[in-house]
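Just so we're on the same page: letters track the sequence lines, and every chain starts at 1.
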2 protein chains.
Amino acid sequence: MASIKEVAETAGVSTATVSRVLSHGQHVRPEVRQRVMEAVEKLHYRPNLVARSLRSQQSNTIGLIVSDIRNPFFTSISRVVEDIAYAQGFTVLLCNTDEDANKESIYLQLMRDTNVAGVIFSPTRQTAASLSQQRFDFPIVMVDRVVADFEADTVLLDNVEAAYRLATHLINNGFKRIGAIFGETSSTGLERQQGYEQALRQHGLPVLAEYIKHTQPRVEAGYAAATALMKLPHPPEAILTSNSLTMEGALQAIRAANLSLPEDMALVGFDETPWTMLVQPSITIIAQPTYEIGKIAAELLIQRIADPSRPPRQVILRGQLHVRGSSAPLRTGADAPVR
Amino acid sequence: MASIKEVAETAGVSTATVSRVLSHGQHVRPEVRQRVMEAVEKLHYRPNLVARSLRSQQSNTIGLIVSDIRNPFFTSISRVVEDIAYAQGFTVLLCNTDEDANKESIYLQLMRDTNVAGVIFSPTRQTAASLSQQRFDFPIVMVDRVVADFEADTVLLDNVEAAYRLATHLINNGFKRIGAIFGETSSTGLERQQGYEQALRQHGLPVLAEYIKHTQPRVEAGYAAATALMKLPHPPEAILTSNSLTMEGALQAIRAANLSLPEDMALVGFDETPWTMLVQPSITIIAQPTYEIGKIAAELLIQRIADPSRPPRQVILRGQLHVRGSSAPLRTGADAPVR
DNA sequence: TTGTATGCGTTATCAT
DNA sequence: ATGATAACGCATACAA
């Protein structure tokens with residue numbers, strides 16, 4: 001690979017001039033610029049980004065730290081982030097943490113070592129709690145999850161409201177005993193639990209500890225939790241899940257238990273996935289505006305990279321409730337179907 | 001951030017010694033090493049990876065270039081690749097190309113500029129055709145798709161065989177008029193078409209051009225193609241799709257047309273996704289060993305980074321046929337269900 | 001075993 | 001407007 005030095009030589013100028021031409025392009029005669037460009041063409045010269053980064057103390061890489069790219073929510077976020085990054089000349093370092101605080105810490109370290117321009121991060125509660133005591137020399141945008149006492153741009157769903165709406169929908173459709181499965185590792189799970197409890201209380205329904213499960217955001221965990229719920233002496237009539245992975249597990253469990261949806265067990269959850277509309281009945285969900293979330297997060301980050309002094313913003317988006325068959329009203333009395 | 005120079009000073013040694021301690025750790029007295037380590041601790045020193053990369057002319061970053069991370073196949077591959085990379089001290093640069101040769105070329109350029117250690121690449125046919133005329137100063141492992149006249153480690157499914165098996169399964173179950181939707185941008189689509197045609201011919205069935213659609217690997221494309229197939233004067237009895245995205249679209253189209261699966265229209269395809277087992281009837285598919293594919297690709301790459309002279313390997317894996325309800329035998333005559 | 005000095009490929013400062 | 005040169009942080013050849 002040709003270096004800037006060789007370009008300078010074949011163009012008959014100094015490396016400084018070549019650099020000027022290629023960077024800002026100011027203060028250089030058109031004729032000289034021409035010669036430089038020709039040399040660049042001829043040698044197929046490409047600036048070495050590593051050297052440039054070392055010298056300029058900045059880079060065009062942004063880190064994306066999420067728990068698992070296979071979670072449809074993060075799959076979608078990742079795609080958008082990469083899109084925006086690409087459009088703005090940035091490149092994306094992908095990091096999966098599996099909700100492991102240790103891995104989060106290691107990746108955060110890596111971000112320092114590698115001199116990234118900034119990071120988009122969806123931290124565990126554990127990491128979120130310790131973040132305020134740390135200093136970073138790059139901006140971090142929090143996505144999906146909140147971090148207390150930490151000045152950072154943040155993009156969130158209004159989780160309390162969304163879960164409240166979801167639970168209220170169930171209640172309005174006649175469900176009274178509503179089990180729930182929340183993520184235990186993230187602030188998101190906590191907030192959604194709040195919304196769920198709010199809805200119950202407001203409608204005079206009891207909040208039962210045995211109806212509330214906390215799990216990792218994983219299919220198997222959802223399956224296990226739903227199974228446990230169904231095995232209760234007095235099982236719930238509906239299950240509310242807080243992410244698509246546990247929702248998937250819960251659906252599998254309901255099927256495995258040979259219960260019919262929604263007569264024997266209703267099911268609602270978060271996140272639009274390919275299958276919520278393909279299964280029958282289709283699943284009632286709160287769709288998160290993943291495109292918007294990712295887009296805003298990436299844009300906030302890139303803005304802050306450009307202007308580190310800009311005051312942090314917190315963007316809170318609203319989910320969209322899609323009412324579908326899995327939570328259809330319970331029919332009782334005369335028009336109830338024969339079981 | 002403390003630099004190696006500061007560490008050297010506070011430890012009372014030269015930067016060379018610090019570097020030695022931190023790199024191989026050879027040829028240095030235990031006592032001195034101790035002093036250095038203490039200084040490192042005290043200053044919270046971390047080596048600057050950019051500087052290290054510039055100096056050593058290598059890096060710990062590998063590029064992953066795929067068409068779309070949202071394609072479940074690539075989602076899965078990406079996760080495994082990142083896992084293996086992490087375990088081996090590498091980091092992953094994620095690149096989506098949208099089957100766009102231009103974007104592929106840009107990303108390949110970026111890989112050069114950024115001095116990556118290697119790349120895992122799933123190229124379009126267009127790029128694959130021009131790759132043999134290019135030189136890269138980093139190893140590339142091809143995944144999912146073949147590249148002619150290019151010496152590179154490659155990890156593939158036996159696509160011809162898999163599609164052959166899938167089509168044969170349909171034929172054995174009594175389906176004679178089998179439509180198909182193949183990806184038009186990749187070698188994979190072509191190979192699967194071969195297997196499909198082989199199966200038809202071998203069973204004395206005609207290969208009809210109007211039954212074969214070529215599309216982008218996208219849900220909407222699958223929907224459109226399946227719809228076109230169903231609108232044919234003499235529509236097929238079954239549709240074979242070559243990836244999960246078009247399969248999803250095809251299923252939507254079949255539902256929209258109010259046809260019942262598999263009586264009015266059978267459906268089979270590639271790739272295990274959450275929903276193939278959740279929809280009813282569940283979908284017959286060839287499951288690709290995505291974990292294995294990603295793992296082997298990452299391992300081959302890392303091996304080659306360590307030993308560039310190792311002869312290239314081509315690993316061809318076999319898909320697994322999961323027979324499910326969407327391709328259940330056609331019943332005719334006495335035991336046919338009332339329509 | 002340890003230190004000195006050089007260079008990796010840029011960009012930026014300071015002359016000219 | 002252009003060039004010489006230093007510096008970014010590190011690793012290594014060579015000398016001691």
Side-chain angles (χ1 to χ4, degrees), chain A residues 1-37 39-40 43-61 89 109-117 137-138, chain B residues 1-37 39-40 43-61 89 109-117 137-138:
Chain A
M1 287 291 294
S3 76
I4 198 173
K5 205 170 161 188
E6 305 174 49
V7 174
E9 281 165 9
T10 81
V13 298
S14 74
T15 63
T17 300
V18 177
S19 177
R20 266 191 287 263
V21 170
L22 266 42
S23 306
H24 5 284
Q26 308 213 321
H27 305 295
V28 40
R29 272 185 309 170
E31 176 212 324
V32 174
R33 154 197 304 282
Q34 179 66 15
R35 283 219 312 280
V36 169
M37 291 312 282
V40 165
L43 300 177
H44 299 101
Y45 169 72
R46 309 229 80 219
N48 180 320
L49 262 30
V50 178
R52 179 177 283 179
S53 176
L54 175 61
R55 169 63 225 217
S56 65
Q57 299 291 44
Q58 37 186 312
S59 85
N60 294 305
T61 301
Q109 275 296 11
L110 180 76
M111 297 299 131
R112 303 177 122 113
D113 303 347
T114 208
N115 193 25
V116 295
D137 25 36
F138 48 80
Chain B
M1 287 291 292
S3 76
I4 198 173
K5 205 171 162 189
E6 305 175 48
V7 174
E9 281 164 8
T10 80
V13 298
S14 75
T15 63
T17 300
V18 177
S19 178
R20 268 190 286 265
V21 170
L22 267 42
S23 307
H24 9 285
Q26 308 214 320
H27 305 294
V28 40
R29 273 185 309 172
E31 176 211 323
V32 175
R33 154 198 305 282
Q34 179 66 16
R35 282 219 312 279
V36 170
M37 292 312 281
V40 166
L43 300 176
H44 298 102
Y45 169 73
R46 309 229 80 219
N48 180 319
L49 263 29
V50 178
R52 180 176 281 180
S53 176
L54 176 60
R55 167 63 227 223
S56 65
Q57 298 290 43
Q58 36 185 315
S59 85
N60 294 306
T61 301
Q109 275 295 13
L110 180 76
M111 297 300 131
R112 304 178 119 115
D113 303 346
T114 208
N115 193 26
V116 296
D137 24 36
F138 48 80

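- Across the protein-nucleic acid pair, B/Arg112 atom CZ and C/dG9 atom P stand 16 Å apart, rounded to whole Å.
- Here the shortest heavy-atom pairing between A/Ala39 and A/Thr10 reads CB-OG1, 3.1 Å.
- Spacing between atom CG of B/Leu54 and atom C1' of D/dA7 amounts to 12 Å, rounded to whole angstrom units.
- Comparing C/dG9, D/dA4, D/dC10 by their nearest atom to the side chain of A/Ser14 picks out D/dA4.
- Within the 4.0 angstrom heavy-atom criterion, only backbone atoms of the sugar-phosphate kind lie near A/Ser23; the bases stay farther away.
- Closest approach to the B/Arg52 side chain among D/dC10, D/dG3, C/dT4 is made by D/dC10 (side chain taken as heavy atoms from C-beta onward).
- A 6.0 Å sphere centred on NE2 of A/His44 holds no more than 12 heavy atoms belonging to other residues, nucleotides or ligands.
- When rounded to the nearest whole Å, the span between CD of B/Glu9 and C1' of C/dG3 equals 14 Å.
- Between the side chain of A/Arg55 and the base of C/dT10 there is no donor-acceptor pair of N/O atoms closer than 3.5 Å.
- Residues A/Asp137 and B/Met1 approach most closely at OD2-CG, 3.6 Å, considering heavy atoms.
- Closest-nucleotide positions on DNA chain D for A/Ser56 and B/Thr17 were compared, and the one nearer the 5' end corresponds to A/Ser56.
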Tabulate atom names and distances for all N/O pairs under 3.5 angstrom spanning the protein and nucleotides 14-16 of chain C.
none

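- Within a heavy-atom distance below 4.0 Å of DNA chain C, the residues of residues 24-31 of chain B found are B/His27, B/Val28, B/Arg29.
- Comparing D/dG9, C/dT11, D/dG3 by their nearest atom to the side chain of A/Val13 picks out D/dG3.
- The residue A/Val32 sits close only to the backbone: its heavy atoms come under 4.0 Å of sugar-phosphate atoms, none of a base.
- Annotation for B/Val13 and B/Arg35: closest pair CG1-NH2, 3.5 Å, computed over non-hydrogen atoms.
- For B/Gln58 and D/dA11, the CD to P distance is 10 Å, given to the nearest whole Å.
- For A/Glu6 and C/dC8, the CD to P distance is 10 Å, given to the nearest whole Å.
- Here the closest heavy-atom approach between residue A/Gln58 and residue A/Ser53 is recorded as O-OG, 2.8 Å.
- The nearest heavy atom of DNA chain C to A/Arg46 and to B/Thr15 marks one nucleotide each, and the one closer to the 5' end goes with B/Thr15.
- Rounding to the nearest 0.5 Å gives a distance of 9.5 Å between CG of B/Asp113 and CE of B/Met111.
- Dashed line: the shortest gap from a side-chain N or O of B/Ser3 to OP1 or OP2 of D/dG9 is not under 4.0 Å.
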*Verdict with reasoning, A/Ser59 to B/Val50, per side-chain contact (heavy atoms from CB on, under 4.5 Å)*: CA-CA 10 Å; A/Ser59 85; B/Val50 178; over 6 Å; no
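- No more than 12 heavy-atom neighbours from other residues, nucleotides or ligands sit within 6.0 angstrom of NE2 on A/His27.
- A close approach under 4.0 Å does occur between a side-chain nitrogen or oxygen of A/Gln57 and OP1 or OP2 of D/dG9.
- Distance CZ/A/Arg20 to OG1/A/Thr15: 9.0 Å, rounded to 0.5 Å.
- One N or O on the side chain of B/Ser3 and one on the backbone of B/Lys5 form a donor-acceptor pair closer than 3.5 Å.
- Relative to the side chain of A/Ala16, the nucleotides C/dT10, D/dA11, D/dG3 differ in distance, and D/dG3 lies closest.
- Nucleotide D/dA4 holds its C1' atom 14 Å from the CD1 atom of A/Ile4, rounded to whole Å.
- In this structure, B/Leu49 places its CG atom 18 Å from P of D/dC8, rounding to the nearest Å.
- At a threshold of 4.0 angstrom between heavy atoms, the contacts of B/Arg33 with the nucleic acid are absent.
- Residue B/Leu22 contributes atom CG, which lies 12 Å from atom P of D/dT12 at whole-angstrom precision.
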